[in-house]
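Notes follow once the structure below has been shown.
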Amino acid sequence: MTIQDFSTFLIYKASDAGRKVYIDPELIVTFAEYVDPTTESGGAIANSIQHKLSSTADSADAGQEEGVSNSFFMDFGEFTGHCVRVFYKIIQDYPEGMSKGPGVYIYNLRGFAHNTNNVGTGLFHMKHSMSGWGGTPASKSELKNKTLRIGSSQDDKGIFALDKLSKLMLDGTGQASFKTDFDLYHSPLAVVEYGKDFKTPVARKVAQPSELAKVLESTATIDKWSESPRHEKYTVYVYGQSAKLLADALRLVDGQSQLLEKFEFQLLAPHIPFSLVKSLAESLGATAVLDGNVQTGFSKRYQMLDEKSLVESDIAVFKKFEGQITNMPNSSFFDLWKCMKTTTQLLT
């Protein structure tokens, strides 16, 4: 089993109380996206993370990864408002040089999308009619159409219904007038449901990359006897935050070198360094393309931390980020935050 390296993690906040809390410095843009300590609610969440993880990281308030004794998650914030899920491991004894010592190590963050209208998640077959776009839940983990769109969207009222989401996705790719059937993998990264089951962290849904991986694998291996049609090429449009889910799914796809050779992934404003997705896709025989016409502020920030970027200004930001970590090994995550916020455009 591969031992995860936590040696590059930074102390979250300087504190002498309870367990030490560490965090992956590469989460700096994700932290800005989901927590943002410059806001009132984000500042409260940032402080609560330090307080609760240093004292009660393995309490009943935490959810535990099935079959892994030291892997947990905990939710922070207001259930009906700004809410964040933090994933972490609790380390006691660990191989020398692979960690900073005993403590809590934060390795991932996810923001919650409120689902008051109970919009379904997962794979849908979308079809246009006189009344607009309608979705039918897929009966199998296979694509029916040669076009797949992965993503979700929301506003203050919650997750968009699939018909509204479909229009938004088509408009984003310059296909607003298209009426051709397509498949939709609806993938809010994490979903808050209202009701009695909401009281426990375990009951709050999180989109599973294993489900998307199964869709890709099953489609790639469709045989002539299957009820699903085989296509010579599959075009997959990947929107915004869903690029994170795709990257996780590609890591789980069976490691046959050319398994996804029929797939082309077109990324629109990915909230992850593009070169990472490109590398994962190409290792499976697929291609990945970055749509330079569609960008957002957060997508630009993620590309600034792409060590394989060819953009000169982005390279300068990454070198500043890397240098800050190397030259100040005892600095905290919040020291890094302040430095990057005041000297670069990474967090502005």
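What's counted below: heavy atoms across the whole structure, side chains too, no hydrogens, waters or symmetry copies. Computed from a predicted structure; not experimentally measured. Residues take their numbers from the sequence shown, with the count starting at 1.
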Which pairs pass side chain to side chain donor-acceptor pair (under 3.5 Å) with one or both residues in residues 319-338, sequence neighbours excluded?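 Found S332-D335.
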
Return each pair, listed once, that meets side chain to side chain donor-acceptor pair (under 3.5 Å) where at least one residue sits in residues 38-50; pairs must be two or more places apart or across chains.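 As it turns out, the side chain to side chain donor-acceptor pair (under 3.5 Å) pairs with a partner in residues 38-50, which skip direct neighbours, are K13-N47, D36-T38, S41-H82.
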
Donor-acceptor contact present, side-chain [X] to main-chain [Y], <3.5 Å:
X    : Y    : result
K144 : E142 : no
D24  : Y107 : no
S242 : S187 : no
T173 : L170 : yes
Y237 : L268 : no

Just jot down the ring pair (Phe, Tyr, Trp, His ring centres under 6.0 Å) partners of Y185, sequence neighbours excluded, or say none.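 Residues passing ring pair (Phe, Tyr, Trp, His ring centres under 6.0 Å) with Y185: none at all.
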
With sequence neighbours left out, write down each residue that passes ring pair (Phe, Tyr, Trp, His ring centres under 6.0 Å) with F76, or none if nothing qualifies.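 Per chain and number, F76 pairs via ring pair (Phe, Tyr, Trp, His ring centres under 6.0 Å) with no residue.
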
Could you measure the distance from the [atom1] atom of [X] to the [atom2] atom of [Y]? Nearest 0.5 Å is fine.
X    : Y    : atom1 : atom2 : result
Q4   : M98  : CD    : CE    : 8.5 Å
Q241 : Q154 : CD    : CD    : 7.0 Å
N70  : Q64  : CG    : CD    : 8.5 Å
L284 : L216 : CG    : CG    : 9.0 Å
N108 : D248 : CG    : CG    : 7.0 Å
L212 : E217 : CG    : CD    : 10.0 Å

Polar side chain donor-acceptor pair, [X] to [Y], under 3.5 angstrom:
X    : Y    : answer
S7   : D5   : yes
Q208 : S210 : no
Y302 : E33  : yes

Starting from L252, can I reach V215 by hopping between I/L/V/M/F/W/Y residues whose side chains sit under 4.5 Å apart?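 Hydrophobic grouping puts V215 apart from L252.
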
State yes or no: do F265 and V289 share one hydrophobic cluster built from I, L, V, M, F, W and Y residues joined by side-chain heavy-atom distances below 4.5 Å, directly or via other members?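 F265 does not cluster with V289.
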
Using a cut-off of 6.0 Å, state whether more than 12 heavy atoms not belonging to K179 lie near its atom NZ.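 Yes, enclosed.
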
Is the number of heavy atoms from other residues, nucleotides or ligands within 6.0 Å of NZ (K146) greater than 12?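 No.
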
Does the side chain of [Y] come within less than 4.5 Å of [X]'s, by heavy atoms?
X    : Y    : value
I28  : I23  : no
K100 : I11  : no
L143 : I222 : no
M126 : L162 : yes
I159 : N117 : no
L246 : V277 : yes
L267 : K278 : no
I49  : I106 : yes

Residue pair [X] / [Y]: nearest heavy atoms and the distance that separates them:
X    : Y    : answer
G172 : V294 : O-CG2, 3.7 Å
D254 : L259 : O-CD2, 3.8 Å
F72  : A62  : CD2-CB, 4.1 Å
Y234 : T219 : CZ-CG2, 3.4 Å
L250 : A281 : CD1-N, 4.0 Å
V68  : K89  : CG1-NZ, 4.3 Å

Sequence neighbours excluded - ring-ring contact (aromatic ring centres under 6.0 Å, His included) pairs with any residue from residues 121-167: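 Non-adjacent pairs meeting ring-ring contact (aromatic ring centres under 6.0 Å, His included): H128-W133, W133-F182.
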
Could you check E211 against T121 for side chain to side chain contact (heavy atoms under 4.5 Å, CB included), going step by step and ending with a plain yes or no? CA-CA 11 Å; E211 296 175 357; T121 60; 5.9 Å; no

Indicate the ring-plane relationship of F73 and F87, choosing parallel, tilted or perpendicular according to the 30° and 60° boundaries.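 Tilted.
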
Table please: side-chain donor-acceptor pairs of residues 303-317 below 3.5 Å, with sequence neighbours left out.
residue, atom, partner, partner atom, Å
Q303, OE1, F274, N, 2.9
Q303, NE2, P270, O, 3.3
Q303, NE2, I272, O, 3.0
Q303, NE2, S299, O, 3.3
D306, OD1, S275, OG, 2.6
D306, OD1, K308, N, 3.0
D306, OD2, S275, N, 3.2
D306, OD2, S275, OG, 3.1
S309, OG, V311, N, 3.1

Do the two ring centres, one from Y22 and one from F6, sit under 6.0 Å apart?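 No, too far apart.
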
Tell me whether the centres of the aromatic rings in Y34 and F112 are closer together than 6.0 Å.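 No - the distance between ring centres of Y34 and F112 does not fall below the 6.0 Å cut-off.
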
Residues E264, K233; criterion side chain to side chain contact (heavy atoms under 4.5 Å, CB included); working and verdict: CA-CA 8 Å; E264 178 180 275; K233 181 179 179 181; 3.9 Å; yes

In sequence, state the C-alpha distance, the side-chain angles, and the governing distance for I325 and T8, and then conclude on side chain to side chain contact (heavy atoms under 4.5 Å, CB included). CA-CA 9 Å; I325 296 172; T8 60; 6.0 Å; no

Would you sort out whether M74 and L53 count as a side chain to side chain contact (heavy atoms under 4.5 Å, CB included), showing the intermediate values? CA-CA 9 Å; M74 190 177 289; L53 293 191; 4.2 Å; yes

